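Scroll down for the structure; my scribbles are underneath it.
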Amino acid sequence: MPELPEVEVIRRDLVPRVEGRRIQSAKIAEPRLTRRRGTPGGVAAALVGRRVKALRRRGKFFIFDLGRDSLIVRLGMTGQLLWSENRHGFRPDQYTHAHLVFQGAGILYYRDIRKFGEMFILPTESVEQTLRVGVEPLGDAFTPEMLGEKCRSSTRIKSLLMNQAKIAGIGNIYADEALFRAGIRPTRRAASLRPEEIRSLRRAIRLVLQAGIRHRGSSIANYRDACGEPGRFAALHRVYQRHGEDCHACGTTIRRIVLGQRGTHFCPTCQR
DNA sequence: AGTACGCCCTGGCCGC
DNA sequence: TGCGGCCAGGGCGTAC
C-alpha cells in the first residue's frame, strides 16, 4: 500500500515527465474516484488545456499544481499512477479508471483495483487547509520537540503515528518498522514515552522513510512505481508481515496483534 | 478524547 | 473445478 515513500518515489519519477507540460485531454471513467468530494463541472473538464506547473506531495497526497486550481490524487490501498510514452510503458486494462494525455507525448494512467483512491480539484490557495494533514516527517519542522508535543495524548503511539492530521504520510508498514527500530511497543500510550524515546522514535521515523524512498518503496501486494516496477524495501522489513518468523536482532518470534483495526507487528523482546 | 465498528472494494486464499 | 465465505486495510462516518 502506498505510504509517504511510495508516493514520493512515484512523484520523483513523474516530475520530469509532467512538469511544464500541458494536459491535452483527460478521461475519468470510474465515478467512485470523484464521488467523495464534489468537483462542480467535473474533474476531467477542469484539467483539459491546463499546464502542470509543479507536482508536489503532501503526506500521501499528490498535488498537481495547475495554477489557480490543483488536482489532488490519493492512491488509497491499491491505486497506481503509471506513465506511458511512445508505445512504451503501461497498457491500460480493466482496472485503469482514468488517464491524462499530455501534449507532445505521454499518458498518465490511474489504475486502482479496489477503488479506494480518489481524484479531486481544489483551489490551489486552499489545498493546505482542506487536506488537513499534519507535519511532514522528513521536513525541518519535525523536531523532537514537535513530536514530544504531539505525544501529549493517551492514545497508543502507533495510532498517533498513523494519524494523518498529526503526522503526514505514515501508514501501517512504516509505523511498525519505525517503532521496531526505536525499540518501542506499538501499544504504548504516547504520553508514556520518555524524552530519549521521543528522540529515538523521531530518528527511526526519518530513517525508515528515507530507506523506503532509497529502495523505491515497499511492494507488499500492488504497489508499483510510475514505470510499473516494484520497490525493494519489503525485503528489508524487520517486523511488518514477519509474524511467526525470527527477529533479526534477537531471534524472538515476531508477534502480530490487532491495534486500531490494523494488523500490527512487533518483537516482544526488542520493543518495550 | 479515544476507541470500536461498519462501510467502501475485490483479488486471493481457505475449506468443502 | 467451483463456489461460498472471509480477510486485508486507508480513511471516514457514526456510536459509545
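Lettering of chains follows the sequences in order, A, B, ..., and the numbering in each one begins at 1. Note that the coordinates shown come from a computational prediction; the quantities given were computed from them, not determined experimentally.
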Kindly point out which of [options] is positioned nearest to the side chain of [X]?
{"X": "Gln164(A)", "options": "dC9(B), dA4(B), dG11(C)", "result": "dG11(C)"}
{"X": "Arg74(A)", "options": "dG11(C), dT3(B), dC9(B)", "result": "dG11(C)"}
{"X": "Gln261(A)", "options": "dG11(C), dC5(B), dG11(B)", "result": "dC5(B)"}

message: How close do Pro268(A) and Thr253(A) get, counting heavy atoms only, and between which atoms?
response: CD-O, 3.6 Å
message: For Ile167(A) versus Lys150(A), what's the shortest heavy-atom pair and its separation?
response: CG1-CD, 4.0 Å
Is the phosphate of [N], meaning OP1 or OP2, less than 4.0 Å from a side-chain N or O of [X]?
{"X": "Thr78(A)", "N": "dC9(B)", "answer": "no"}
{"X": "Tyr95(A)", "N": "dG11(B)", "answer": "yes"}
{"X": "Arg37(A)", "N": "dC12(C)", "answer": "yes"}
{"X": "Arg152(A)", "N": "dA1(B)", "answer": "no"}
{"X": "Ser153(A)", "N": "dG2(B)", "answer": "yes"}
{"X": "Lys115(A)", "N": "dT10(B)", "answer": "yes"}

Parallel, tilted or perpendicular: rings of His237(A) and Tyr174(A) (30°, 60°): perpendicular
For [X], report the nucleic acid contact type (base, sugar-phosphate, nothing); a contact means any heavy atom under 4.0 Å.
{"X": "Asp112(A)", "answer": "nothing"}
{"X": "Arg111(A)", "answer": "nothing"}
{"X": "Arg189(A)", "answer": "sugar-phosphate"}

query: Would one find more than 12 heavy atoms of other residues, nucleotides or ligands at under 6.0 Å from atom CZ of Arg91(A)?
result: yes
- request: Can you establish whether the number of heavy atoms outside Arg188(A) located under 6.0 Å from its atom CZ is more than 12?
  value: yes
- line: Ordered by number, residues from residues 228-248 of chain A within less than 4.0 Å of DNA chain B (heavy atoms) are none
dG10(C) base / Arg262(A) side chain donor-acceptor hit below 3.5 Å: yes
message: Tell me if the aromatic rings of Phe62(A) and Tyr110(A) count as close, with their centers under 6.0 Å from one another.
response: no
